[in-house]
Amino acid sequence: MTAPTKPSHNGPSDPAAKPSRTPAPGTAPDTVPDQAPAAPGTSPAGEREASGVPLHAPVIDWFDEHARDLPWRRPEAGAWGVMVSEFMLQQTPVSRVLPVYEQWLARWPRPADLAAEAPGEAVRAWGRLGYPRRALRLHGAAAAITERHGGDVPADHAQLLALPGIGEYTAAAVASFAYGQRHAVLDTNVRRVFARAVTGVQYPPNATTAAERKLARALLPDDEASAARWAAASMELGALVCTAKNESCHRCPIAAQCAWRLAGKPAHDGPPRRGQTYAGTDRQVRGRLLAVLRDAHVPVPQSALDQVWHEPVQRARALDGLVADGLVEPLADGMYRLPLS
DNA sequence: GAGTCGTGGCT
DNA sequence: TAGCCAAGACT
């Protein structure tokens with residue numbers, strides 16, 4: 001267990017966390033005409049909260065009722081638990097994170113516990129979650145926390161942002177979920193909810209824009225507790241109801257105010273959302289190479305790695321990349337292992 | 001700003 | 001089936 005940290009504020013298991021209703025967060029974004037929404041099907045989908053009706057209250061109420069009981073939302077998770085979960089959840093579904101998260105926290109209940117291990121152990125414990133550089137970065141973040149912050153996950157947004165593997169989203173998420181602070185937490189779920197409910201389009205832009213950040217700040221409730229609750233609730237709405245495909249508007253607490261739905265749910269028009277191919281890529285080769293090293297608890301000869309991919313040039317490039325990333329440590333005599341340092 | 005970086009379930 | 005998608009970060 002970590003040193004006592006402030007309780008999580010985003011969990012469904014904390015009735016006291018139910019915030020007071022706050023009034024609309026000031027005025028709507030300034031690009032917005034101050035008028036009632038057009039009739040369904042005729043709205044050009046202005047950049048605003050439709051009719052000025054605040055979104056927080058219905059979304060937070062919905063969250064109170066429907067939030068998943070996830071381990072990192074329980075008070076005992078602490079800031080370290082929240083942080084570990086955020087690393088693992090980057091581009092990875094909850095269902096795959098759950099078992100690895102439990103094992104991770106049981107083995108390394110505090111940052112210092114992880115920092116005391118070889119980075120290769122973090123990579124091994126990462127298992128098949130994907131993007132194993134996250135494991136290395138989490139290990140590096142644990143080391144930095146141990147050295148610079150006395151072993152406690154910092155509560156300061158700038159200090160979080162300075163840790164390896166923590167970017168704009170994760171810094172805001174940890175500060176909000178673990179410490180109850182007021183931050184715009186813009187992940188892919190929230191961006192999609194805002195794109196639809198407020199902007200009136202099916203999908204947000206490929207990269208987060210300044211306009212999205214501005215909108216997110218404008219929609220943030222004034223008080224800390226409500227803001228933290230709103231961050232978790234809007235994210236959950238995107239994850240469970242306002243999904244990328246097959247959205248469930250009939251279960252949505254703000255369907256009546258959703259600009260996209262009111263506009264007749266027009267299809268996405270802009271540039272195609274970049275797809276990801278995988279078969280035959282370096283990523284697939286890297287994955288196979290690392291899988292061999294994860295499963296071996298002793299150094300592995302080059303010949304064993306050569307088995308995973310037939311094409312020598314790509315195979316060598318992938319292995320070099322893993323070494324360059326610090327995920328693989330080359331030894332003498334053509335042996336390889338997960339990094340000890 | 002566009003590319004890169006894993007993995008597996010779902011449609 | 002072959003894409004599409006899942007709580008991004010980093011270069």
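So you know, we letter chains A, B, ... as the sequences are listed, proteins then strands, and number each from 1. Predicted model only: the values in this text are computed from it and were never measured. All values below come from the heavy atoms of this structure, side chains included, with hydrogens, waters and symmetry mates left out.
- In this structure, A:E86 and A:P164 both approach DNA chain C, and ranking their closest nucleotides by distance from the 5' end singles out A:E86.
- Regarding contacts with the backbone of C:dA7, every side-chain N or O of A:Q90 stays at 4.0 angstrom or more from both OP1 and OP2.
- In terms of the side-chain hydrogen bond (donor to acceptor under 3.5 Å, both in side chains) criterion, residue partners of A:W309 (sequence neighbours excluded) are, by chain and number, A:Q314.
- The interatomic distance linking A:W126 (CH2) with B:dC5 (P) rounds to 18 Å, in whole Å.
- Residue A:L161 contributes atom CG, which lies 8 Å from atom P of C:dC10 at whole-angstrom precision.
- Separating the P atom of C:dA7 from that of B:dA2 is a span of 22 Å, rounded to the nearest Å.
- With hydrogens and angles disregarded, a donor-acceptor distance shorter than 3.5 Å links the side chain of A:H56 to the backbone of A:L219.
- The CD-P distance, from A:Q284 to B:dT4, rounds to 16 Å in whole Å.
- Interface residues of residues 165-172 of chain A facing DNA chain C, ordered by number: A:G165, A:I166, A:G167, A:E168, A:Y169, A:T170; criterion, heavy-atom separation under 4.0 Å.
- Using a 4.0 Å cut-off between charged nitrogen and carboxylate oxygen, A:D320 and A:R317 do not count as a salt-bridge pair.
- In this structure, the side chain of A:E86 does not engage the main chain of A:I166 through any donor-acceptor pair within 3.5 Å.
- Between A:R128 and B:dG8, a side-chain N or O to OP1/OP2 separation shorter than 4.0 Å is present.
- Rounded to an integer number of Å, the gap from CG of A:L237 to C1' of C:dA7 is 14 Å.
- Side-chain atoms of A:T92 and base atoms of B:dG6 include a donor and an acceptor less than 3.5 Å apart.
- A straight line from NZ of A:K245 to C1' of C:dA6 spans 12 Å, rounded to a whole angstrom.
- Both A:R137 and A:S85 sit near DNA chain C, but only A:S85 has its closest nucleotide nearer the 5' end.
- The distance from atom CG of A:L327 to atom P of B:dT4 is 18 Å, rounded to the nearest whole Å.
- We find that A:R107 and A:E121 are joined by a salt bridge, their nearest charged nitrogen and carboxylate oxygen being less than 4.0 Å apart.
- For A:N246 and A:R294, each mapped to the nucleotide of DNA chain B holding its nearest heavy atom, the one lying further toward the 5' end belongs to A:R294.
- In the interface, the side chain of A:R283 is paired with the base of B:dG6 through a donor and an acceptor atom under 3.5 Å apart.
- The main-chain N or O of A:A227 is never found under 3.5 Å from a side-chain atom of A:R182 such that the two would form a donor-acceptor pair.
- For C:dA9, neither phosphate oxygen OP1 nor OP2 lies less than 4.0 angstrom from any side-chain nitrogen or oxygen of A:Y131.
- In this structure, A:L129 places its CG atom 14 Å from C1' of B:dC5, rounding to the nearest Å.
- A salt bridge is absent between A:E247 and A:R261; no separation between the charged side-chain nitrogens and carboxylate oxygens falls under 4.0 Å.
- Side chains of A:Y169 and A:Q90: a donor-acceptor N/O pair is absent below 3.5 angstrom, by distance only.
- Listed by residue number, the members of residues 184-194 of chain A with any heavy atom below 4.0 angstrom from DNA chain C are A:D187, A:T188, A:N189, A:R192.
- Considering only side-chain atoms of A:W72, the nucleotide from C:dA9, B:dG6, C:dA7 that sits closest is C:dA7.
- In this structure, A:F87 reaches neither bases nor backbone, as no heavy-atom distance under 4.0 Å exists between it and the strands shown.
- With respect to A:E329 and A:R337, a salt bridge is recorded, a charged nitrogen being found less than 4.0 Å from a carboxylate O.
- Of the options A:Y101, A:W80, A:W104, a ring pair (Phe, Tyr, Trp, His ring centres under 6.0 Å) to A:W72 is made by A:Y101 and by none of the others.
- Atom P of nucleotide C:dT11 and atom CG of A:D282 are separated by 19 Å, given to the nearest angstrom.
- Counting non-hydrogen atoms under 4.0 angstrom, A:R133 reaches a base of the nucleic acid.
- Under the 30°/60° scheme for interplanar angles, the aromatic rings of A:F194 and A:W230 are found to lie parallel.
- Annotation: B:dG1 and C:dA6 have their C1' atoms spaced 23 Å apart (nearest Å).
- In terms of position on DNA chain B, the residue among A:A207 and A:L290 whose nearest nucleotide sits closer to the 5' end is A:A207.
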